[in-house]
Amino acid sequence: MKMENVEPNGVTFFYLIHGCCKERLVDKGRQLHSHVIKNGWLESNIFLANVLVDFYSAFGILVDADKAFECIPPQDVISWNSMVSIYAANDLLHEAVRLFEEMRLWDKHPSAMSFVALLNLSSRGKELLFGKQIHNFVIKVGIDYGSVLIQSALIDMYGKNDDVQSSIDVFQCSHERSLECCNSMMTSLLHLGFLQDVFELFSWMVCENIVFDEVSLSSTIKALSLYSSPSLDNCCLLHCCAIKSGFDSDSMVLCSLIDAYSRSGQIRFSQQIFEALPSPNIFGFTSIINAYAQKGMGYECLAVFEEMIQRGLKPDKVTFLCILLGCNHSGLVEEGKMIFDSMRTIHDVYPDRRHYSCMVDLLGRAGLVNEAEELLMHASSEGDSVMWSSLLRSCRIHQNEHVGRRAAKRLMDLEPEDPSFWLQASNFYSEIGEFETAIYIREVAVARKMSRDIGYSLIRVHEFH
DNA sequence: GTAGGGTTAG
């Protein structure tokens, strides 16, 4: 749209660049940037400069965000905070800390947001000590200690660093009634596996008339899913809750419901939810593929995957892992091989350990033990104990003595301290009739387990060759 | 007349 008789200025461009950020228009934003430079607005308008930093960071173009930041003549606290957040989001801990230090040298006073950015950094980087230092620093400086933002960032930081008690302590001293703190507490509890507490917190919110949102609800549904077998009643209860509160069109809520229903054994409800999704995204597709995979419905996984491709969605590592699991649980060997090969060749997704592990299992179960071993060696020169253990199991089932010996040896080399792998190796040797070796390995395993349990070595353990 | 921001899936 062209504006007539109105001369656009810095403020106009501020809104335009903001819009490009929201609408994901990277090229347009770049054009606007050069326009801003030509007009010499950057030096006189800190708002404009700051929105450019955010624009580049929203697209992950760190280099240009950095350049835009350097162009701002006197950066203000917002510019600094944006850069610290960007470094934090890109896991550049040292750069973020360096910038924070620099900011203090320049005598720019950190705001609550500065601390939130640093706390997020320690959450992401699992830096508990650093997080505690920031916590103490916040108390010392006394800036906005009571703010909901800082409280919820602290609850999250302790939760992500597995320190549940500190997380609860902060929550109990915080604005307990704030949605932000409740949600952070719920995600921490969920992350740490305190599922019952997630339900209790949710009930408490309802009783206290704290209006929950889609994050609280999806966390609660997720907690339900993680129960070994959620009851259908509870799934329906939370589903009704979603409908009543108007969150039944939220993608996150619906994905957790797909998961919860399938785990409760009611895959048809998962199907219904998926089919009713107005425009399923990659999460929706992967949720239903995962549900089918867990139920051993391999062909359904493949059909949904096909539909996903036809809609132009790009599958990622998680999607492929779910499809391969589906093929594995249904014994679809050729299909699994085809999908696995297509990851790299067609979809430009590189398989990691989990995909290789799934394929080793798939091939091994099908009796293609040599092929499985070849793939395992290809995954990494070492392989890992899970893959070797799965291969050894396949060798036992399909009586492949040759590969089995190698797998047993590798497994014991990789896990000298884990008796369960040694017992598996021992069972393999009994299976192929080498009872002496089987007994020897079992004795070593038992001795090691005992010495580990007792705390010191009772029996001199000889290396097995 | 213009801003940054907590939790967030498969």
Side-chain angles (χ1 to χ4, degrees), chain A residues 9-19 21 41 45-55 57-58 75-86 88-89 110-117 119-120 123 144 147-157 159-160 167 170-171 174-175 178-191 201 212-219 221-222 225 247 250-260 262 270 274 277 280-294 304 308 313 315-323 325:
Chain A
N9 60 9
V11 180
T12 328
F13 275 73
F14 170 85
Y15 282 118
L16 288 172
I17 295 168
H18 208 294
C21 220
W41 289 327
N45 192 331
I46 187 84
F47 289 85
L48 207 40
N50 283 345
V51 80
L52 274 166
V53 172
D54 286 335
F55 167 76
S57 73
Q75 292 108 338
D76 65 4
V77 69
I78 291 175
S79 341
W80 290 91
N81 289 347
S82 294
M83 271 323 284
V84 173
S85 302
I86 294 160
S111 65
M113 267 321 297
S114 318
F115 294 112
V116 170
L119 287 169
N120 286 338
S123 302
D144 279 332
S147 88
V148 166
L149 275 179
I150 290 191
Q151 303 283 15
S152 53
L154 278 169
I155 294 165
D156 181 58
M157 184 278 288
K160 295 254 164 69
S167 194
V170 177
F171 177 65
S174 72
H175 298 82
S178 85
L179 176 66
E180 290 88 341
C181 290
C182 288
N183 281 353
S184 286
M185 194 65 245
M186 279 176 113
T187 48
S188 287
L189 291 168
L190 184 64
H191 171 78
L201 186 49
F212 60 85
D213 70 356
E214 68 279 10
V215 176
S216 347
L217 191 57
S218 58
S219 297
I221 300 171
K222 185 100 200 290
S225 300
F247 294 123
D250 180 83
S251 160
M252 232 187 315
V253 168
L254 292 171
C255 285
S256 15
L257 276 171
I258 290 176
D259 198 33
S262 81
S270 305
F274 174 74
L277 291 176
N281 58 12
I282 180 173
F283 292 112
F285 271 102
T286 311
S287 298
I288 193 73
I289 290 173
N290 186 37
Y292 286 140
Q294 302 298 339
V304 176
M308 178 179 176
L313 286 166
D316 68 5
K317 284 189 175 202
V318 185
T319 321
F320 279 111
L321 187 62
C322 294
I323 302 166
L325 279 171

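Here is how names work: the chains are called A, B, and so on, in the same order as the sequence lines, proteins then strands, and each is numbered from 1.
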Next on the checklist: Taking any heavy-atom pair under 4.0 Å as a contact, classify A/S256: base, sugar-phosphate, or nothing.
Outcome noted: nothing
Item to check | A/S251/A/N281 under side chain to side chain contact (heavy atoms under 4.5 Å, CB included): CA gap, chis, key distance, verdict | outcome: CA-CA 8 Å; A/S251 160; A/N281 58 12; 3.4 Å; yes
Checklist entry - What pair of heavy atoms forms the shortest contact from A/D54 to A/S57, and how long is it? => result O-OG, 2.9 Å
Checklist outcome for this item: Nearest heavy-atom contact between A/N45 and A/V11 is ND2-N, 4.4 Å
Checklist entry - A/F47 near the nucleic acid: base, sugar-phosphate alone, or nothing, with a heavy-atom cut-off under 4.0 Å? => result base
Checklist entry - Relative to the ring of A/F212, is the ring of A/F247 parallel (under 30°), tilted (30 to 60°) or perpendicular (over 60°)? => result tilted
Checklist entry - Within the structure shown, what part of the strands sits under 4.0 Å from A/L321 by heavy-atom distance: base, sugar-phosphate, or nothing? => result nothing
Checklist entry - Is there a donor in the side chain of A/S123 and an acceptor in the side chain of A/N120, or the other way round, less than 3.5 Å apart? => result no
Checklist entry - If you look at every strand shown and take non-hydrogen atoms under 4.0 Å, does A/S251 touch a base, only sugar-phosphate, or nothing? => result base
Next on the checklist: Counting the atoms with a prime plus P, OP1 and OP2 as sugar-phosphate, which does A/N120 contact under 4.0 Å by heavy atoms, base, sugar-phosphate, or nothing?
Outcome noted: sugar-phosphate
Checklist entry - So what does A/S79 touch, heavy atoms closer than 4.0 Å: a base, only the sugar-phosphate, or nothing? => result nothing
Next on the checklist: Working to the nearest 0.5 angstrom, can you tell me the gap between A/F171 CZ and A/D156 CG?
Outcome noted: 13.5 Å
Checklist entry - Any donor-acceptor pair under 3.5 Å linking the side chain of A/S262 with the backbone of A/D259? => result yes
Checklist entry - Once you round to the nearest 0.5 Å, how far does NZ of A/K222 lie from NE2 of A/H191? => result 10.5 Å
Checklist outcome for this item: Contacted region of DNA chain B by chain A, from 5' end to 3' end of the hits, cut-off under 4.0 Å to heavy atoms, spans B/dG1 to B/dG10
Checklist outcome for this item: Here the gap from A/S82 atom OG to A/N50 atom CG, rounded to the nearest 0.5 Å, amounts to 5.5 Å
Checklist entry - Using a cut-off of 4.0 Å on non-hydrogen atoms, how would the nucleic acid contact of A/T286 be classed: base, sugar-phosphate, or nothing? => result base
Next on the checklist: Base, sugar-phosphate or nothing for A/D250? Non-hydrogen atoms, less than 4.0 Å.
Outcome noted: nothing
Item to check | Near-strand residues of residues 179-186 of chain A, defined as heavy-atom separation under 4.0 angstrom from DNA chain B | outcome: A/L179, A/E180, A/N183, A/S184
Checklist entry - What is the nucleic acid contact for A/D54, judged by heavy atoms within less than 4.0 Å: base, sugar-phosphate only, or nothing? => result sugar-phosphate
Next on the checklist: At 4.0 Å (heavy atoms only), tell me whether A/V116 reaches a base, stays on the sugar-phosphate, or touches nothing.
Outcome noted: sugar-phosphate
Checklist entry - Contact class for A/K160 (heavy atom, under 4.0 Å): base, sugar-phosphate, or nothing? => result sugar-phosphate
